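To keep things clear, I will list the structure first and then write my remarks on it.
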Amino acid sequence: MSMVAVITSDNQQPILQKDDAQHPLAKLNRLHFWLLVALNIVFLLVGQAAAVILGRFYYEKGGNSKWMATVVQTAAFPLLFIPYLFISSPQTHSETSNRSSIITVSVVYFVIGVLVAGDNMLYSIGLLYLSASTYSLICATQLVFSAVLSYFLNHQKFTALIMNSVVVLSLSASLLAVNEDSDKPSGVTKSKYVIGFLVTLAASAMYALLLSLMQLSFQKVLKKETFSVVLEMQIYTAIVATVVSTVGLFASGEWKTLHGEMGSFTAGKHAYVMTLVWTAIAWQICSVGVVGLVFVVSSLFSNVISTLSLAITPIASVMILHDKMNGVKAIAMLMAIWGFCTYIYQNYVDDLKASKAPSAVDATPNESRSC
């Protein structure tokens, strides 16, 4: 899973200020503003669902390279330069001077990029042994790990609603773990299914850890969370992750099997190439949607829509890939949706409190917008 989620903190504020005449979006009327919001929501939801479904399609039709599946999750990072070049937040001298040295920032990008590559590899293994819908439901446990790690690393509150979300999502994942009538992909044994489950669970935990580390980086190293800074984090860590994944592809020797894999791809050689290309593009479209929502509305809203995508992907997988939907998985999905709802509502409550606190608004005068 590409690193596309947004870092959120206790004081969530929109980045665009309404009276900032120099801002590229300041002249948009209300209709155009909401059309832009809707476009970014579509990018996020469609990009995430399409990337997971295409990833599973790659395996189902004969693809078997875990490293190739890892590479494509970040390989289309050049697409992120389009919004970066055309819509960037101007930095003042004081903002630039407040940032840590370029060596420190580079080390942060490198370490996070390497961790992203490892995390993407775990997700690739999980998707190999699980159906797309089961995989997506297990990925939802990242909210559980995020809540726990944010409590210890970022000192965020652990409320009754968050506790409810943690318990419900944990039970949802547990149901999938003990499901005897699981929809294992063709050729996947029970032991491989268990491996896929555990690896995806580990990937979700690592993803949550990455989110906490990224939040710490914004607070302690980058010292700002504007559109440009968030997008730079996405771009530079994706570059590192792509390089690491490519090295892994060649070091493992899997690159030698790619030609034969293309020839044996049941949907054809053209479909093989297009599957990999559009998987890579889909992940970056999702990234553009995530960062776009941060830029136009707020990081809270982007995180809410990112959470919603975790509920939509299993449904899309059932409809498009015809994943089996038995009673246990249906209950697990409903429980996951309930966990999402309580998580989203808690974020809404936090944002409402933050918006009413004068100190939160005054502390970031250039990072707020009322719609």
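When a residue number appears, it is its place in the shown sequence, counting from 1. Everything quoted here is computed from the prediction, not taken from an experiment.
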Are the side chains of [X] and [Y] in touch, meaning some heavy atoms are under 4.5 Å apart?
X	Y	result
Ser136	Val52	yes
Tyr129	Thr189	no
Thr242	Gln73	no
Val240	Val114	yes
Val288	Gln284	no
Leu35	His32	yes
Leu122	Thr200	no
Leu276	Leu54	no

Notebook entry, point to check: Which salt bridge (charged side-chain N to carboxylate O under 4.0 Å, His left out) pairs, counting each pair once, include a residue from residues 57-86, with sequence neighbours left out?
Noted result: Arg56-Glu60
With the 4.5 Å side-chain cut-off for hydrophobic clustering, are [X] and [Y] part of the same group?
X	Y	answer
Ile41	Ile312	yes
Trp283	Met214	yes
Tyr207	Val290	yes
Ile320	Val42	no
Leu334	Val328	no

Just by modelled atom types, is the [Y] backbone N or O under 3.5 Å from a matching donor or acceptor in the [X] side chain?
X	Y	answer
Tyr59	Ser124	yes
Thr141	Val144	no
Ser165	Gly339	yes
Ser264	Glu261	yes
Ser252	Gly248	yes
Gln346	Thr159	no

Just how far is it from atom [atom1] of [X] to atom [atom2] of [Y], taken to the nearest 0.5 Å?
X	Y	atom1	atom2	value
Ile53	Ser317	CD1	OG	4.5 Å
Met163	Thr342	CE	OG1	12.0 Å
Ile239	Leu80	CD1	CG	9.5 Å
Cys139	Leu201	SG	CG	9.5 Å
Phe145	Met206	CZ	CE	11.5 Å
Lys192	Ile125	NZ	CD1	12.0 Å

Heavy-atom pair with the smallest gap, counting every atom of [X] and [Y]:
X	Y	result
Ala316	Ala49	CB-CB, 4.4 Å
Thr279	Val72	CG2-CG2, 3.9 Å
Leu161	Tyr345	CD1-CD2, 3.4 Å
Ser65	Glu254	OG-OE1, 2.6 Å
Ala208	Leu149	C-CD1, 3.7 Å
Asn40	Leu36	ND2-O, 2.9 Å

Notebook entry, point to check: Between Leu175 and Leu171, is a side chain to side chain contact (heavy atoms under 4.5 Å, CB included) present by the stated rule, with each step listed?
Noted result: CA-CA 6 Å; Leu175 281 175; Leu171 291 174; 5.8 Å; no
Next item on the list: Quickly, which of Thr237, Val108, Val229 forms a side-chain contact (heavy atoms from CB on, under 4.5 Å) with Ser217? Name it, please.
Entry: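 Output: one option passes, namely Val108.
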Next item on the list: Pick out which of Val168, Val167, Val166 makes a side-chain contact (heavy atoms from CB on, under 4.5 Å) with Ser170.
Entry: Val166
Next item on the list: Just do the side chain to side chain contact (heavy atoms under 4.5 Å, CB included) check on Val244 and Val116 with the steps written out, would you?
Entry: CA-CA 10 Å; Val244 172; Val116 168; over 6 Å; no
Check: Residues in ring pair (Phe, Tyr, Trp, His ring centres under 6.0 Å) with Phe77, at least two apart?
Finding: none
Margin query: Parallel, tilted or perpendicular: which one describes the rings of Tyr58 and Tyr272, with boundaries at 30° and 60°?
Written below: tilted
Check: Within a radius of less than 6.0 Å around CE of Met319, do more than 12 heavy atoms belonging to other residues, nucleotides or ligands occur?
Finding: no
Margin query: Taking atom CZ as the centre, does Phe265 end up with more than 12 heavy-atom neighbours from other residues, nucleotides or ligands that are less than 6.0 angstrom away?
Written below: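 Yes.
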Note to self: Does Ser245 form a side-chain hydrogen bond (donor to acceptor under 3.5 Å, both in side chains) with Thr70? I'd like the steps, not just the answer.
What the structure shows: CA-CA 6 Å; Ser245 302; Thr70 302; 5.6 Å; no
Next item on the list: Evaluate the criterion side chain to side chain contact (heavy atoms under 4.5 Å, CB included) for residue pair Asn164 and Trp338; output intermediate values, then yes/no.
Entry: CA-CA 9 Å; Asn164 176 80; Trp338 175 252; 3.2 Å; yes
Next item on the list: Assess whether side chain to side chain contact (heavy atoms under 4.5 Å, CB included) is satisfied between Val37 and Trp34, documenting all intermediate values.
Entry: CA-CA 5 Å; Val37 171; Trp34 284 109; 3.9 Å; yes
Notebook entry, point to check: Checking ring pair (Phe, Tyr, Trp, His ring centres under 6.0 Å) against Tyr236, which of Phe110, Tyr84, Tyr109 comes through?
Noted result: Tyr109
Check: Who passes side chain to side chain contact (heavy atoms under 4.5 Å, CB included) against Ala336, sequence neighbours left out?
Finding: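 Leu137, Leu169, Ser172, Phe340.
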